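Predicted, not measured: the structure shown is a model, and the values here were computed from it.
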Amino acid sequence: MLFSAEGTLLREYLHSGHLHLFLVEDFNQDGREEIYVSGIAMDYESADRTVLDPDTMDGASAEPRRQLLE
């Protein structure tokens, strides 16, 4: 979930698994920070790293058998 400084919900991303690490950084040096999350994708039973754009993030992770509804 992404909130404004006032606490208003701006955007929401749902993940079918567990997210453990979060980092906000501009690794690609395009002048905009992205949200990097890592954890476990339950349906794939493997590690997962996802990069979210704070301006457009929305929806849910794609999982073949455990798809979350958006």
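- One distance of note links CG of Asp58 with CG of Leu14; it measures 8.5 Å at 0.5 Å rounding.
- Hydrophobic clustering (ILVMFWY, side-chain heavy atoms < 4.5 Å, transitive): Leu52 and Leu23 are in distinct clusters.
- Under the 4.5 Å side-chain contact rule for hydrophobic residues, Val51 and Phe27 share a cluster.
- Looking at Glu6 and Ser4, their side chains do bring a donor and an acceptor atom within 3.5 Å of each other.
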Task: Evaluation steps, side-chain contact (heavy atoms from CB on, under 4.5 Å), between Glu34 and Val24 - done: CA-CA 6 Å; Glu34 296 83 23; Val24 178; over 6 Å; no
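- Residue His18 places its NE2 atom among 12 or fewer non-hydrogen atoms of other residues, nucleotides or ligands, all under 6.0 Å distant.
- Distance OH/Tyr36 to OG1/Thr50: 12.0 Å, rounded to 0.5 Å.
- The two atoms that bring Met1 and Glu12 nearest to each other are CE-OE2, 3.2 Å, heavy atoms only.
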Open item on the list: Quick one, His20 with Ile40, criterion side-chain contact (heavy atoms from CB on, under 4.5 Å). Give me CA distance, side-chain angles, the key distance, then yes/no.
Closed with: CA-CA 8 Å; His20 299 284; Ile40 299 170; 4.2 Å; yes
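- Distance check, rounded to the nearest 0.5 Å: CG of Asn28 to CD of Glu33 gives 11.0 Å.
- Smallest separation of non-hydrogen atoms from Ile35 and Leu2: CD1-CD1, 4.5 Å.
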Open item on the list: Using the rule given for side-chain contact (heavy atoms from CB on, under 4.5 Å), can you reason through His15 versus Asp48, listing the C-alpha separation, both sets of side-chain angles and the distance that settles it, and then say yes or no?
Closed with: CA-CA 10 Å; His15 182 79; Asp48 180 51; 2.8 Å; yes
